[in-house]
Structure formats: structure tokens, C-alpha cells
Amino acid sequence: MDLKDQLKPIVSSLPELPGVYQYFDEEGTILYVGKAKNLKKRVSSYFQKEHDNAKLNLLVRKINSINYIVVKTEWDALLLENSLIKKHQPRYNVMLKDDKTYPWICIKKEPFPRIFSTRKVIKDGSEYFGPYASVTLMKTVLEFVRKLYPLRTCSLNLTDENIKKKKFKRCLEYHLGNCKGPCEALQTKEDYDYSISQIRQIIKGNIHSVIRYLKDQMDEQAGKWEFEKAQQLKEKLELLEKYQSHSAVVSPTISNVDVFTFLSDEKSGYVNYLKIVNGAIIQSHTIELNKKLDETPEELLLMGIADLRERFGSDSSEILLSQSIEAEVPDATVIVPQKGDKRRLIELSENNLKYYIREKQMLASLSSPKKREDEKLEQMKKDLQLKELPHRIECFDNSNIQGAFPVAAMTVFVNGKPSKKDYRHFNIRTVVGPDDFASMEEVIYRRYKRALEEKQPLPQLIVIDGGKGQLSSALKSLESLGLSDKIGIIGIAKKLEEIYFPGDSIPLYLDKRSITLRIIQQIRDEAHRFGITHHRKRRSKGAIQSSLNGIEGIGEKTAEKLLKTFGSVARLKKASLEEVSKIIGEEKARKLLNTLSQADGVSPKIKA
């Protein structure tokens with residue numbers, strides 16, 4: 001790949017040292033940030049050949065200028081790269097997909113510090129612990145430490161000066177036992193700060209040291225015969241031990257360890273992090289990294305390690321990984337355990353990753369019906385060799401009994417679902433006798449001639465309920481309208497559910513479980529049901545006409561109304577003059593009932 005003239009002096013003068021490079025386009029927009037163990041070798045490699053990845057080739061063609069920053073180590077380069085990506089979010093970089101704002105526990109920098117949860121990290125000297133992926137876990141920790149150590153929740157400015165001037169009064173929290181009243185100097189700053197230091201250890205997971213201290217204090221108070229104070233300490237101890245028993249203890253011999261595992265699919269890489277303190281898991285978090293170019297698993301894993309250790313403020317000197325890496329992590333030993341408790345930690349982390357990916361896929365399918373629709377249509381397009389996605393499918397079915405009352409039905413599916421407002425019935429006009437082929441030819445011609453005249457949307461797929469004969473007849477009409485190469489058309493034969501294509505005598509047999517066959521069967525069954533319903537109505541009308549036709553004053557609509565009221569002609573004959581008169585009036589009722597009686601060879605039922 002050619003190197004632009006303005007870039008040649010920059011690339012040739014790059015140092016062979018660790019660092020970060022930045023690519024910019026003609027408008028000065030940052031395109032990509034990368035790290036390198038050797039800046040000169042890494043940057044030069046972009047311009048030495050045509051790459052397999054189309055996006056990478058496009059990136060290289062857009063590069064108009066290059067900046068670089070030299071650092072001491074490869075790990076420093078990784079941290080700087082991570083920071084610059086977050087700041088600039090270049091188009092061609094891996095993007096950290098973490099759209100949630102996770103909560104933190106904050107110890108506020110102020111006299112008599114408050115402890116509370118927050119989703120905003122403000123650089124004002126306050127301490128932040130987290131973030132907590134589980135809000136429930138964070139609330140449990142907060143409730144626990146507040147129960148163990150009563151602290152103020154008010155936002156009063158408790159400076160020494162304000163307290164000495166007695167500006168504040170005890171509130172309800174004091175009387176409920178949730179606060180010791182530092183606002184009125186009822187609790188010393190030393191005592192309050194000591195509680196904060198104990199809470200800090202608990203949040204960090206260092207429960208053992210707090211338990212030891214409380215036991216020593218309890219023994220000391222008991223030795224002084226201060227049994228009430230000793231009892232209070234004992235209650236705190238019991239709470240701590242109960243809290244510890246609910247922690248995920250993996251091994252008492254493993255302390256201050258970070259665990260990272262990695263899995264990936266076509267679009268993303270996933271990194272899970274477990275933080276182990278004193279044998280217990282005190283933090284678990286998974287991040288997703290969206291791939292953009294040809295990032296290797298190691299590059300994605302390293303990016304995840306850098307981000308998570310920085311985010312959680314980890315200083316663990318031992319890191320357990322699911323795979324080996326070439327890069328060194330400063331002040332930490334990297335191990336890929338093969339057996340024992342540490343290997344079980346890797347397996348636990350990998351299980352967390354698998355659950356995360358599975359849940360993500362499930363939520364995506366539930367929250368994105370359009371995506372599911374598109375997947376179905378893509379499969380149909382592939383199975384049926386269509387030119388376009390079949391967003392609109394129209395299906396036709398003929399119904400007749402020995403040629404009587406021939407009708408056809410059209411059902412419509414839009415994006416794989418019935419669109420009942422678009423269903424249509426057709427009464428066959430030009431065909432005499434039971435001729436399915438000619439009936440299909442008439443209906444297809446009428447439907448799409450009108451669609452063209454009225455500029456209605458055309459379907460991407462037509463389904464014909466029938467085999468080769470019906471399909472050929474439908475195709476004739478499409479050809480006469482100039483639509484045969486614009487709309488996909490298939491036939492489905494009922495016996496073996498064979499799919500026929502125009503001009504191909506060999507049918508396609510789709511897997512019985514395939515989504516394509518299921519949708520074709522559904523629209524075909526809908527057409528059959530819809531057509532049969534219409535056919536029954538026409539037969540009913542025919543039966544009414546044959547019994548009531550020719551009676552003076554009784555038209556088709558009147559006959560329908562009578563049949564709807566009385567249910568059948570037989571019941572109508574038994575009805576009284578008064579009952580029939582309510583429907584059609586006395587004069588018509590008299591003529592109707594007399595005519596029906598005479599037709600049965602009976603004397604007129606109603607006297608004139």
C-alpha cells in the first residue's frame with residue numbers, strides 16, 4: 001500500500017521505542033489510536049502491504065497525518081491508549097460497550113464524613129468504592145455498615161466552629177439510635193473517624209482484621225467489667241461473622257488476587273473480572289469490547305485488564321488469567337493456573353462470562369423484535385433464492401365444490417405476520433366449471449392488474465396453494481403484466497409440502513422445522529381458512545336464493561336478514577305472521593308465508 005509523501009518523513013523518523021500513535025484524516029479528525037512495543041515497526045506495518053480486512057485498508061487510505069507519544073513501557077502505552085480512546089472515541093478503535101452507569105459507595109471528604117451511594121464520581125478528594133454491578137449488593141453493604149456503625153445522614157456543615165457555637169440540634173435519627181449526635185458534640189471526631197476506618201476496611205473486603213480488633217476490644221471491656229460495652233461489641237461481631245458467611249468464599253489461602261478471563265464472538269470480546277480478598281470474591285464485573293479492525297484476543301484482553309484494574313483501583317500483586325500473554329503487568333505476577341483452587345477460580349470466571357453472553361443474547365432477542373423479523377426474512381430470502389427480503393408475502397387459494405360457487409382467497413403477511421386488513425376475496429367471473437388452473441390465472445391477473453393501475457405496493461413473494469399446474473397458470477398472468485421478473489413466486493403442494501419454483505420440475509423439500517416452511521404453511525393455511533369461510537357464505541346465499549327466489553318483494557338482503565333471524569328456512573316456515581312482520585312488514589310477511597306453504601303443497605297459511 002502506497003505511503004503518502006507527507007507521511008514518509010514521519011514514519012522514517014519514528015523511534016524504536018514503546019509508545020502510542022494517533023492517525024488523523026485531512027480534516028484533522030482522529031481516526032485511530034494504537035499502542036506499540038516498537039513504534040517504528042508497528043506504524044510501518046500498516047503501509048507495507050494490502051490487508052485482508054477491508055476496514056483496515058480504508059483506514060490506511062484515510063490517514064493524512066500521524067502523531068505519537070513515547071512512554072517507558074508497553075504497559076504505560078496500554079494505559080495511555082486506553083485513556084485516549086475513552087477521551088476521543090475514534091471511529092476505528094475498539095469501543096468499550098458499558099452503557100450502564102454503575103453505582104459507587106462514597107465516603108465524602110468533610111468533617112464527620114457521610115457514607116452514601118452515588119452514580120457520579122466527583123474529584124473533590126472523597127473516596128469512592130466500586131463500581132457495583134449489583135445495586136442489591138451495594139445496598140446490602142451500606143445497610144450492614146450503618147447497622148454496625150451509626151453515622152450521620154444529614155448534610156450539615158459540622159465544622160468545629162459551628163459545633164462550638166451550637167448551631168445545630170439533634171434530629172430524629174439520634175433518637176432512633178441511627179446517629180450518635182456529633183452535631184451537638186455528643187460523639188468525638190476521633191470516635192467517628194475510627195468508625196469510618198473500620199467501615200473502609202469492610203468495604204475493601206478486609207473483614208478479618210476488623211473481627212480480630214473487635215474480639216480484642218470485647219475481651220478488654222469484659223476484663224474491665226464493662227459488660228454492657230462488651231455485649232455491644234459482641235453483637236457487632238455476630239453481625240460481621242454473619243455477613244462474612246454470606247460472602248462467596250473460594251479459598252482462605254488465596255488473598256488479594258485479580259482474575260481475568262476472555263471469550264469472543266464475531267463482533268465483540270468479553271472480559272470478566274473477579275476480585276478476591278481474604279479468600280472471598282468481593283467484586284465481579286464483565287465488560288464488552290466491540291471489535292473494529294483485526295484485534296487479537298490478547299489485545300482485547302489486555303485492554304480489558306487495563307480498564308478494569310484502573311476502574312476498580314486494584315493493586316493486586318497476583319493476576320490469574322485464562323490464557324498466556326506476552327505483555328508484562330507492572331508490579332504484578334501473571335499466572336495461568338492449570339489445577340487446584342486457582343484453576344477453579346478461572347472456571348468460575350469463565351462461567352460468569354458464558355452466563356453474561358447468554359443473557360445478552362436472550363435480552364437482545366426479547367428487546368428487538370425487528371431483529372428477529374429480519375433474521376426470519378433473511379432465512380426466507382436465502383432458502384427461496386429471492387432477490388429481496390420478503391417483507392410482503394401474498395398467498396392465493398381456490399375454493400369450489402364440483403364447480404359450484406367458485407371463489408379465491410388472498411391472504412397477506414407483512415414481516416412474517418398476518419396483515420388481516422389486506423386479506424381479499426375473489427368471486428370467479430370468467431371460468432365455468434371446476435377449473436383450478438384457469439381460476440388461478442384469472443385471480444392473479446385481476447389482483448396485480450389492479451395493483452399496477454392503483455400503484456399499490458407489490459409483494460416480494462407470491463405463494464400459490466398448489467403444485468406445478470397452478471404455479472404455471474399464475475406465472476402466465478404475471479408474464480402478461482410484465483411482472484414475472486419483478487416478484488418472486490412459488491407453489492406449495494399439500495401432500496408432501498413440496499416447494500415448486502417456476503421452470504423447475506424438481507421440487508424443494510425444506511426441513512420441517514425451518515422457519516421458512518413454517519411461515520409458508522401459516523399463510524397457506526390462513527388462505528385456505530379464509531377462502532372456505534367465504535365459500536360457505538356464498539353457498540348459504542345460494543341456498544337462500546334457491547328457496548326464497550321468485551317470491552315477490554323478497555330480495556337477497558331481505559332473505560339474508562330472515563335467515564339470520566330464524567336460522568333456517570324450516571324455522572321460517574313455522575314462524576307466525578306477527579314474528580315475520582316484525583322483520584319485513586305484514587304485507588310481505590303474508591305473501592312470503594303463503595308462498596312457502598303452497599310450495600310444500602299445503603293450503604295458504606294466512607288468510608287474506
Side-chain angles (χ1 to χ4, degrees), residues 1-99 260 262-271 287-308 310 323-329:
M1 187 165 283
D2 294 336
L3 182 61
K4 294 175 183 176
D5 291 338
Q6 73 268 25
L7 298 178
K8 287 178 181 177
I10 300 173
V11 174
S12 62
S13 64
L14 283 168
E16 296 189 28
L17 293 170
V20 171
Y21 54 92
Q22 298 167 281
Y23 294 150
F24 298 84
D25 63 14
E26 290 181 354
E27 297 173 356
T29 303
I30 188 165
L31 295 169
Y32 185 76
V33 175
K35 68 174 188 325
K37 188 187 293 185
N38 183 314
L39 279 168
K40 188 165 190 171
K41 284 184 180 179
R42 183 72 183 107
V43 173
S44 299
S45 69
Y46 282 88
F47 305 96
Q48 288 171 356
K49 62 177 182 178
E50 192 79 17
H51 302 279
D52 294 333
N53 187 295
K55 278 189 178 179
L56 185 52
N57 289 324
L58 184 61
L59 165 66
V60 175
R61 283 194 284 272
K62 286 184 176 181
I63 298 171
N64 192 64
S65 62
I66 303 171
N67 283 357
Y68 65 91
I69 304 168
V70 176
V71 294
K72 288 185 178 180
T73 67
E74 188 182 359
W75 184 257
D76 290 336
L78 179 64
L79 294 176
L80 179 56
E81 176 198 38
N82 197 34
S83 174
L84 290 172
I85 289 173
K86 286 181 180 177
K87 181 180 179 181
H88 298 291
Q89 298 186 358
R91 180 179 176 183
Y92 289 91
N93 272 103
V94 166
M95 297 308 295
L96 176 64
K97 189 176 180 183
D98 199 5
D99 50 6
F260 296 95
F262 175 82
L263 289 174
S264 70
D265 55 29
E266 291 181 2
K267 295 181 179 179
S268 302
Y270 305 89
V271 181
I287 59 172
E288 180 180 348
L289 299 154
N290 286 346
K291 298 177 184 177
K292 290 296 179 72
L293 300 177
D294 282 336
E295 296 87 7
T296 65
E298 180 171 334
E299 287 174 332
L300 294 170
L301 175 58
L302 281 170
M303 193 170 291
I305 292 171
D307 177 79
L308 288 162
E310 180 187 19
Q323 61 189 67
S324 58
I325 57 173
E326 292 184 10
E328 294 183 1
V329 181

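Computed from a predicted model, the values in this text were never measured in an experiment. Note that the numbering runs from 1 along the sequence shown for the chain.
- By the side chain to side chain contact (heavy atoms under 4.5 Å, CB included) test, P297 is found to be paired with F262, Q323, residues two or more places apart in sequence or in another chain being considered.
- For the pair H88 and I30, the tightest heavy-atom approach, listed with the atom from each and the gap, is CB-CG2, 3.8 Å.
- For T296, the side chain to side chain contact (heavy atoms under 4.5 Å, CB included) criterion is met by E298, E299, not counting sequence neighbours.
- Heavy-atom neighbours of K37 NZ from other residues, nucleotides or ligands within 6.0 Å: at or below the threshold of 12.
- Distance check: I63 CD1 to L7 CG gives 7.0 Å after rounding to the nearest 0.5 Å.
- The closest donor-acceptor contact from the side chain of K40 to the backbone of S12 lies under 3.5 Å.
- Atoms CD1 and NZ, on I85 and K35 in that order, are 8.5 Å from each other to the nearest 0.5 Å.
- The two residues S264 and G269 come nearest to each other via the heavy atoms CB-CA, 4.0 Å.
- Distance check, rounded to the nearest 0.5 Å: CG of L39 to CZ of R42 gives 10.5 Å.
- Taking CG from L56 and OH from Y92, the interatomic distance works out to 10.0 Å, rounded to the nearest 0.5 Å.
- In this structure the side chain of N64 never reaches within 4.5 angstrom of the side chain of F24, judged on heavy atoms.
- Distance CD1/I325 to CG/L301: 6.0 Å, rounded to 0.5 Å.
- Under the rule for a ring-ring contact (aromatic ring centres under 6.0 Å, His included), the partners of Y21 that lie at least two apart in sequence or sit in another chain are Y23, Y46.
- Considering every non-hydrogen atom in both L59 and L31, the closest pair reads CD1-CB, 3.8 Å.
- Between N290 atom CG and L300 atom CG the span is 10.0 Å, to the nearest 0.5 Å.
- Annotation for D25 and T29: closest pair OD1-N, 2.9 Å, computed over non-hydrogen atoms.
- Using modelled atom types, no side-chain atom of S44 and backbone atom of K41 make a donor-acceptor pair closer than 3.5 Å.
- Taking each heavy atom of A327 and L302 in turn, the nearest pair found is CB-CD1, 3.8 Å.
- Scanning all heavy atoms of the two residues, the minimum distance from V271 to G304 falls at CG2-CA, 4.2 Å.
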